[in-house]
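Here the structure comes first, spelled out in structure tokens, and everything after it is commentary.
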There are 2 protein chains.
Amino acid sequence: MSKASIKDIALLLGVSKTTVSWVLSGQSQHRKISDETRDRVLEAAKSLHFEPNYFAKGLYSGRSQTIGLLVPDVENPFFARMARIIESEAEKQQYSVMYCSSEEDSVKEDRLIRMLYSKKVDGMIIAPTNHAEETLEHLHRNNVPFILVDRDLERISAPFVGTDNLSGTRELIAHMLSKGCRKIGVICSVPDISSVRLRLEGYRASLKMAGIEPNEQLIVDVGYGDSACIRQGVDTLLSRGVDAIFFTANSIAIPGLKRLKDLKINIPGQVSVGSFDDMDLMSLHEPAITAVEQPVDDIARMAVELLIRRINAKGETHASEKVMLPAKLHTRDS
Amino acid sequence: MSKASIKDIALLLGVSKTTVSWVLSGQSQHRKISDETRDRVLEAAKSLHFEPNYFAKGLYSGRSQTIGLLVPDVENPFFARMARIIESEAEKQQYSVMYCSSEEDSVKEDRLIRMLYSKKVDGMIIAPTNHAEETLEHLHRNNVPFILVDRDLERISAPFVGTDNLSGTRELIAHMLSKGCRKIGVICSVPDISSVRLRLEGYRASLKMAGIEPNEQLIVDVGYGDSACIRQGVDTLLSRGVDAIFFTANSIAIPGLKRLKDLKINIPGQVSVGSFDDMDLMSLHEPAITAVEQPVDDIARMAVELLIRRINAKGETHASEKVMLPAKLHTRDS
DNA sequence: TTGAAAGCGGTACCAA
DNA sequence: TTGGTACCGCTTTCAA
């Protein structure tokens, strides 16, 4: 029951490995193999259940037909969906996906990237921490193509695909302002990554546009998003008299909404709420929560497309495109 | 910048590949390599940034240090969490994870399992469709260890780890009965998989225990869970006068709850609600929804443990343990 | 039209 | 204590 190899087929038929290899890799035409030989080989391959050995092929070709996916947390609905789409897009092109979660920890991130690298993935899709430069440089030097998603690293020139966080946020804040909110608080985490930074920037810009001077006291940074800190953050903002709260991500919104529920705060009576990342929970919430939906499917599709293009273009230098896809505001009852 | 190989090091130092290989694989002691040689090799390896070639190693050893994960949908919060825990458990043991989503489609499942197989994963963790026997037999014949999770396949003797669906459901239904519900409807999908089958069995058993004859008219099967069908299912049950609805999975509960919200049904005034699979949404819902939480972390951990044990015990025959972990009922306001 | 042989990068047996 | 060499399975160049 041990695997049939090319050699086995060659021995069986009394032809050479070369011939078998040529037939099996569809080069019968080009290499002028006789139809008869070709058919005998194909038949033997079928009856012996021949399957090319992945390692041998990889050893020679250097290709694994596998891509690596590194995100902060595959369990987060945003990244879980991204993983799902990436998987199906990759499969269409005969690629498999290996995934890892960095937990926003750059040390772990470094370790995981090296692991993916050592497993010879043909390329990677990475939502990096803000300290990934060195590791990514290493990839670059070793000609491993990669695409950044969700957060960009301005200091390195790498292709990026993500949401237009600035416009998305501005639209959301503008909506809140139009509903009469004047003292909008924010809860954010990991503000050093580009996406969050831009969401904060969008927030400030919108206020200024409306003639309101942003008050830094109303921006609460909860570090890596521990839920106790988030609940605390809600309390802080409430004590500072906000009339609205902007959650900068789903991971913040969930504990945040829980806290508001526990405190029996009336939404939008006492405070309005707006959130980045739309999810079932937002529309099912009572009242339904206004949220900005990221174009995650498009991000995933484009990331795979760009990555595979780069994999196939190994060697050639590309301009490092930076793609920003528009977000979509869902105004609801909050 | 191309990778340094063992040969490069050997050439550089004027020693043989054998020596280098032995030093690098930590056999200096055993193979009695002189300390001096060892140090020279180690130093050269470090300065040339030597890293063993994954394919070459795999070609010889047959091992990939990778496991395959096949679930119906990695985006589903239950499986997303499972994926997350499996990843971290696997990493502790130096394994990477490749994932695939079968979409409950046995044809796709077969294709994906074969793909994982061809990529030489050392083992697989699979939440199978009810038609996976043949493919799994193929794995078995080829000595690829695998663990079934979430749903068991009684017809084949394979290790399984999942939730005790029967008890979990009985507890939930008993709770609903104790609150006075008498006409409990059910919406389920893919009832041919063991987990759902057991949930339905638990439902019927509980009713009988309470002296109520189960009415098959109150069990709506929505096939593969298209959300239009689920909404329709809710309508059907309501028209049949149920005083409670049991959703057999989170994927059913979400569209189901949406429909109830759209219809402005008062929960639990008009109908009570209970669901399998706890998630943030359940406790944040107004009113909070009573739900059965599956021990997904334990399932994932145990699956990895059993799998790796089997990988390492290749050849030995094991009893095929079937592990059922207890579910936890969260009674809430619905 | 087909085959022999070298090589991809390690590992391990058998000698020395 | 160390080295030569065959082999894992596939691809491809060069010869016939």
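In this text the structure is predicted, and so the values were computed from the model without any measurement. Labels below follow one simple rule: chain letters A, B, ... track the order of the sequence lines, proteins then strands, and each chain is numbered from 1.
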Once you apply a heavy-atom cut-off of 4.0 Å, does [X] come out as touching a base, just sugar-phosphate, or nothing?
| X | value |
| --- | --- |
| Ile33(A) | sugar-phosphate |
| Phe50(B) | sugar-phosphate |
| Ser5(B) | sugar-phosphate |
| Ile6(B) | sugar-phosphate |
| Thr37(A) | sugar-phosphate |
| Glu51(B) | sugar-phosphate |

For the side chain of [X], counting heavy atoms from C-beta on, which of [options] is nearest?
| X | options | answer |
| --- | --- | --- |
| Pro52(A) | dC8(D), dC10(D), dG10(C) | dC10(D) |
| Ser34(A) | dT2(C), dA12(C), dG9(C) | dT2(C) |
| Ser16(A) | dA12(C), dA4(C), dG10(C) | dA4(C) |
| Val15(B) | dC10(D), dC8(D), dG3(D) | dG3(D) |

Counting just side-chain N and O atoms, does Lys7(B) come under 4.0 Å of either OP1 or OP2 of dC8(C)?
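Answer yes for this pair, as a side-chain N or O of Lys7(B) is under 4.0 Å from OP1 or OP2.
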Would Glu91(A) and Arg111(B) count as a salt bridge (charged side-chain N to carboxylate O under 4.0 Å, His left out) if you check the C-alpha gap in whole Å, the side-chain angles of each, and the deciding distance to 0.1 Å?
CA-CA 11 Å; Glu91(A) 202 219 339; Arg111(B) 187 173 75 236; 2.8 Å; yes
Value in whole Å for how far the [atom2] atom of [N] lies from [atom1] of [X]:
| X | N | atom1 | atom2 | value |
| --- | --- | --- | --- | --- |
| Asn53(B) | dC7(D) | CG | P | 21 Å |
| Arg38(A) | dT2(C) | CZ | C1' | 16 Å |
| Trp22(B) | dT2(D) | CH2 | P | 10 Å |
| Tyr60(B) | dA12(C) | OH | C1' | 5 Å |
| Tyr54(A) | dT11(D) | OH | C1' | 17 Å |
| Phe55(A) | dC7(D) | CZ | C1' | 16 Å |
| Arg63(A) | dG9(D) | CZ | C1' | 19 Å |
| Arg40(A) | dT1(C) | CZ | C1' | 13 Å |

Arg310(B)/Glu305(B) salt bridge by N-O under 4.0 Å criterion
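Judged by the 4.0 Å cut-off on N to carboxylate O distance, Glu305(B) and Arg310(B) do not form a salt bridge.
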Distance-only, no hydrogens or angles: does the Ser101(A) side chain make a donor-acceptor pair with backbone N or O of Val74(A) under 3.5 Å?
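Looks like yes, one N/O pair under 3.5 Å.
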Expected output: side-chain Asp110(B) to main-chain Ser106(B) donor-acceptor under 3.5 Å
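No: the side chain of Asp110(B) does not pair with the backbone of Ser106(B).
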When you match Gln27(A) and Leu59(B) each to their closest nucleotide on DNA chain D, which lands nearer the 5' end?
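Result: Leu59(B).
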Distance-only donor-acceptor test, Lys17(A) side-chain atoms vs dG3(C) base atoms, 3.5 Å:
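No such pair is found, so the answer is no.
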Between the base of dA4(C) and the side chain of Thr18(A), is there a donor-acceptor distance below 3.5 Å?
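Answer yes: a donor N or O sits under 3.5 Å from an acceptor.
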Between His138(B) and Tyr117(B), does the ring centroid distance fall short of 6.0 Å?
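So the answer is yes for these two rings.
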Check whether the ring centres of Tyr99(A) and Tyr99(B) lie less than 6.0 Å apart, and answer yes or no.
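Yes, the ring centres sit under 6.0 Å apart.
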